[in-house]
Amino acid sequence: MPPVKRSAALRGRGEEERALRRLLDGARAGSGGALLLVGAPGMGKTALLDLAATHSCPGFRVLRVSGVAAESRLPYAGLHGLLRPIAAAAPALPAAQARALSAALESGSGQDGLALPAAVLSLLAAVAAEQPVLACVDDAHLLDPASREVLSFAARRLADEPVAVVFASRDRCRDLDGLPVRVLEGLDATAVRELSRDLAPDGVAEDLLAALDQIARGNPLALAELIGALTPAQLGGLAAPPAAPPRDGRLWRAHAARLAALPAPTRWLLLLVAADPGVEAGTLIRAAHPACALTALEPAERAGLLRCAGDRYDFPDPAVRAVAYHGASLVDRRAAHRRLAGLLEQSAPREAGRRLRLAWHRAFAFDGPAEDLAAELAGAALEARPGGHPEPYLALEKAAELTRDDAAKAERLAAAARHAWVAGRPQAARSLLAGLRSLTAASDGLRGRVQLLHGSLELLGGETGSAREELLAASAWLLGSHRMLGVRALVRAADASYRAGDNRAFIAIARQAAALRRPDETVATQLMFEYLAGMAATFSGAHQEAAGPLRRVVELAGGVRDPAVLAWACVASMLLGEDDTAHRLSVRAVEAARLRGAASAVPQLLEYAIYPEIWTGRYASVAATAGQGLDLARQTGQLNTAAQHLAWLAITAAVEGDQETCRVRADAAIDLAEAHGLGLAGAVGTWALSYLDLAAGRPAEAANRLLAGRRTSNHVVIRVMSTPHFIEACARTGDRERARTALRVLERWVGSTRSPALRAVVTRCRALLAPPGEAEELFQEALDLHGQAGYGFEGARTSLLYGGALRRERHPGAARTHLHAALETFERYGARLWTEQARAELRASGEPVRPVREATTGQLTAQQLQIARMVADGATNKEVAEQLFLSHRTVEHHLRNIFSRLGIRSRVDLVRLMS
């Protein structure tokens, strides 16, 4: 792989860095102190000490020492290492202190009392009188206890001295009680992403990074060593990611040393827990050697290597588990698996997960003929659900490894790849598919299933045109042998066309599907055929013709449990204007996917949940859903789905009037859309920017942007959804003819639905284009329809437009009623640009506008609340901006608004309030 670059910045340690700066600033001003940094190996403690030394320059005298296990029993060895550079030049000390210090440093002897601790404090103060002092004590847990006790005594008494002492320790040593402590947790997702870019300039794919962080859990050293050990095949997605830190790395050596220091009975039990993370405490007791009771785990618990969670034990650090397992000999690992298998067999497991665990342990113990073990393991894996130990895809991969027959091996590898994809492990899925290339014994059905998986991976992470061709080829292989899978491949190929905005390709696929229909189809297959027919009619503009098949899709959905099929029913409901039904179906689809452990399906299903929320103006819910979808899409390597969620987040930023954030998110979505052929995400991103123009009072820019988007994108659904904004922008710029043409298209679709919310928007558009004498009645009709749909944000938009029209017709009193209703709703949504428009209209109507009311945390917008929580948890502005795709200025703007609304002045106040 390309050379790994060492990170120049400490990612995700902003709060710790600020704490160190405050400590140093205090010492410069003559008011010193101490700080204890606590964290597991690799968390960045030494790097923070280096940073403190860097920040202390110029001006400080820097003293450093590191605890060493070999010297931990030598009294005052640590004190000698830290103070030797200044002891010779020390000013005169009181006689008793001088004798105590000399004895400690020269012979390692000491005496009870205050003489030695007082001498150390006096020495540091005397040296600091000429130049401030920074003392850095690394690996304080390995320092000899005598030195640690003396140094902590001095550190607690530096308030009036220009001295700063920073300790770094793996755990909280009792000798260091009373010192301010900062515990270093794992880096968050944003810092992990930043660090990976520092370490590998060519980049690491999001799904591979997520797999690595399953081991690293935010540990910077673990991540650095894992990335540094990646092979070209792993970087390219053709080999499985590593299962443990590299054996020649610092982290492996650190964990191996900690494990080696434990008693042999403790290491045996740790190996059992590492071999089966789901093992119960009772099973561990029975699995222990005769001379070993469960109390043998206490040394591991005291060392922080293991923790008790209910009736089970687990490793807080996955890297420790990996070292405990992979660091053991093959003989010991087989013995552990054999012991666990025997205990599970005695308990007569009936539940699928326990059967899989039994088969797994038997396979790794090589407890029987390989073919028998492979068959048992594969059968158990196919019955189990993802999410347990072992994951079914890993069991199937092991079964394939034990299989000699090429045809059976290929079947099991293909099944492993499918299960890996379903579980949200695309990197593993691709590497398993790569393993199939060397196997020639494959049936048409297997080739089709492999092609279907290739196409599915490409659909959510690659180029849509390539995905469509792969899926069409898969359908051709499957229709004869696996009919339902063949039809599913056709629908996914159509979905690729939908995402690309290629209506002609979608219609062609629907025609191909119509010729394949038979009278004896299953319910799910019938639904898919009806979905294709209804969508094709919609894309052809035949909305009345589309209503029949779309309604049959919704009716058939009652007998379906498959999450993907339910998602298509959600789309049908949305096109019928049945938003509540669409919302229920989308929720049902997400729940079904989660129950099945289908992690890969959830991000895309969350896309479908957004459509009805957009139509009904539930923008806070849109932001939460899209934010969750974006995180999950990144973790599962679904760049196309991530682009879609970014585009929806741009829409919510436009609603809130957050111009910079809207542009950041929309530009990111459009860039991904252009690279991957995503007409859908590109259309939503363009719509978001035009929505922003409209909110900012730039109707001409909004109209031009939407018009250009209509010429370059053929995505019918987003074109229809954005049409009300296009009509409004055209009406406000005097381009009524173009607005009327767009209205006729919108009316044809809305006329085929029963949605009061859609009819309200259409009626509002008619009012915008009506002569003055007719507009008032249409606006009122629109408001009545909004009332049936729950008023909400779109109702407020209608009230704003109606109030503006009444004001221009010289009816200021009537205008104010509607403008006040709009203003109240916009303030509740945090839509600042729309709020400004409503206030401007009220002022123009002759009414002084009341000041903005003070809000509580319950009245913050969804995004403001999210930012407030992140900041209260210690995130920096930069970290918030990166994680939420905001600009730094936008985060600062939000924080100013949050502070203003909550009546507070600082982050400290925010922490206190949020907690």
Open item on the list: Donor-acceptor check, side chain of Thr625 to backbone of Val622, threshold 3.5 angstrom: yes or no?
Closed with: no
- [ ] Check whether any side-chain heavy atom of Leu471 sits under 4.5 Å from a side-chain heavy atom of Leu490, and report yes or no.
- [x] no
Task: Flag for Asp658-His894: side-chain donor and acceptor within less than 3.5 Å - done: yes
Task: Heavy-atom side-chain proximity of Tyr611 to Val717 below 4.5 angstrom - done: yes
Open item on the list: Using every non-hydrogen atom in the two residues, find where Leu680 and Ile718 come nearest and quote the distance to one decimal.
Closed with: CD1-CG1, 3.5 Å
Task: Sidechain-backbone polar pair: Glu591 side chain, Arg588 backbone, donor-acceptor under 3.5 Å - done: no
TODO: Determine, step by step, whether Leu453 and Arg449 satisfy the side chain to side chain contact (heavy atoms under 4.5 Å, CB included) criterion, reporting the C-alpha distance in whole Å, the side-chain angles of both residues, the deciding distance to 0.1 Å, and the verdict.
DONE: CA-CA 6 Å; Leu453 185 51; Arg449 280 179 279 134; over 6 Å; no
Task: Exercise: identify the closest heavy-atom pair between Ala650 and Ala666 - done: CB-N, 3.6 Å
Open item on the list: For Gly677, is there any backbone N or O sitting under 3.5 Å from a side-chain donor or acceptor partner on Thr464?
Closed with: yes
Open item on the list: Would you compute the distance between atom OH of Tyr608 and atom SG of Cys570 and round it to the nearest 0.5 angstrom?
Closed with: 8.5 Å
Open item on the list: Is any side-chain heavy atom of Trp421 closer than 4.5 Å to one of Leu433?
Closed with: no
Task: Results of side-chain hydrogen bond (donor to acceptor under 3.5 Å, both in side chains) for Asp579 - residues two or more places apart only - done: none
Task: Test item: Ser573 side-chain N/O and Glu578 main-chain N/O as donor-acceptor pair under 3.5 Å - done: no
Task: Distance in Å, Leu459 CG paired with His676 NE2, rounded so as to fall on 0.5 Å steps - done: 12.0 Å
Task: Partner set under side-chain hydrogen bond (donor to acceptor under 3.5 Å, both in side chains) for Thr641, not counting sequence neighbours - done: Gln638
Task: Ser466 side-chain N/O to Gly462 backbone N/O, donor-acceptor pair under 3.5 Å - done: no
Open item on the list: Using the rule given for side chain to side chain contact (heavy atoms under 4.5 Å, CB included), can you reason through Leu550 versus Val554, listing the C-alpha separation, both sets of side-chain angles and the distance that settles it, and then say yes or no?
Closed with: CA-CA 7 Å; Leu550 292 175; Val554 178; 6.0 Å; no
- [ ] Dump the intermediate steps for side chain to side chain contact (heavy atoms under 4.5 Å, CB included) on His583 and Asp580, then the final yes or no.
- [x] CA-CA 5 Å; His583 187 262; Asp580 289 340; 5.6 Å; no
Open item on the list: I'd like to know if Arg499 pairs up with Glu607 as an ion pair, taking the criterion as any Lys NZ or Arg NE/NH1/NH2 lying under 4.0 Å from an Asp or Glu carboxylate oxygen.
Closed with: yes
TODO: Quick one: pull up CE in Met528 and CH2 in Trp568 and give me the separation to the nearest 0.5 Å.
DONE: 6.0 Å
TODO: Report yes if some heavy atom in the side chain of Gln604 is under 4.5 Å from a heavy atom in the side chain of Leu460; otherwise report no.
DONE: yes
Open item on the list: Can a donor-acceptor pair be found, under 3.5 Å and without considering hydrogens, that links the side chain of Asp213 to the backbone of Ala216?
Closed with: no
Open item on the list: For Gly186, is there any backbone N or O sitting under 3.5 Å from a side-chain donor or acceptor partner on Asn219?
Closed with: no
Task: Spacing of CG belonging to Leu707 relative to OG belonging to Ser690, to within rounding of 0.5 Å - done: 11.5 Å
Task: Over all atoms of both residues, closest heavy-atom pair of Ala688 and Cys662 - done: O-SG, 3.7 Å
Open item on the list: Using the rule side chain to side chain donor-acceptor pair (under 3.5 Å), only one of Arg418, Arg492, Glu470, Gln451 pairs with Ser456; which is it?
Closed with: Arg492
TODO: Could you walk me through whether Met535 and Tyr498 pass the side chain to side chain contact (heavy atoms under 4.5 Å, CB included) test, one step at a time?
DONE: CA-CA 10 Å; Met535 292 291 285; Tyr498 172 80; 4.0 Å; yes
Task: Short side-chain to backbone donor-acceptor contact, His419 and Ala415, under 3.5 Å - done: yes
Open item on the list: Check Arg488 with Asp562, please: is the shortest side-chain N to carboxylate O separation under 4.0 Å?
Closed with: yes
Task: Gln635, Arg430, Arg425 screened by side chain to side chain donor-acceptor pair (under 3.5 Å) with Asp207, the one that passes - done: Arg430
- [ ] Check whether the side chains of Thr686 and Arg705 place a donor and an acceptor atom closer than 3.5 Å, and report yes or no.
- [x] no
Open item on the list: Any heavy-atom pair between the side chains of Phe506 and Leu532 that's under 4.5 Å?
Closed with: yes
- [ ] Looking only at non-hydrogen atoms, find the nearest pair between Ala428 and Ala420 and report the distance.
- [x] CB-CB, 4.1 Å
- [ ] Can you see which heavy atom on Ala654 is nearest to which on Ala695, and at what distance?
- [x] O-CB, 4.3 Å
Open item on the list: Any heavy-atom pair between the side chains of Gln659 and Leu833 that's under 4.5 Å?
Closed with: yes
Task: Side chain to side chain, Thr636 and Pro603, heavy atoms closer than 4.5 Å - done: yes
Task: Main-chain N/O of Leu394 paired with Glu391 side-chain donor or acceptor, under 3.5 Å - done: no
TODO: Give the minimum heavy-atom separation between Ala623 and Thr652, together with the two atoms involved.
DONE: N-CG2, 3.8 Å
- [ ] Could you label the plane-to-plane angle of the Tyr691 and His725 rings as parallel, tilted or perpendicular, counting under 30° as parallel and over 60° as perpendicular?
- [x] tilted
Open item on the list: As an exercise, state the distance from CD of Glu225 to CD1 of Ile227, rounded to the nearest 0.5 Å.
Closed with: 11.0 Å
Task: Nearest-0.5 Å distance, CZ of residue Arg584 to CG of residue Leu566 - done: 13.0 Å
TODO: Would you confirm whether Arg193, through its side chain, and Leu209, through its main-chain N or O, come within 3.5 Å as a donor-acceptor pair?
DONE: no
Open item on the list: Evaluate Asp317 against Arg217 for salt bridge (charged side-chain N to carboxylate O under 4.0 Å, His left out), listing each step before the verdict.
Closed with: CA-CA 7 Å; Asp317 187 341; Arg217 292 285 176 89; over 6 Å; no
Open item on the list: Taking the ring centre of each residue, are Phe726 and Trp687 less than 6.0 Å apart?
Closed with: no
Task: pair Arg13-Met43: side-chain heavy atoms closer than 4.5 Å - done: yes
Open item on the list: Can you tell whether the side chains of Arg468 and Glu458 come within less than 4.0 Å, N to carboxylate O?
Closed with: no
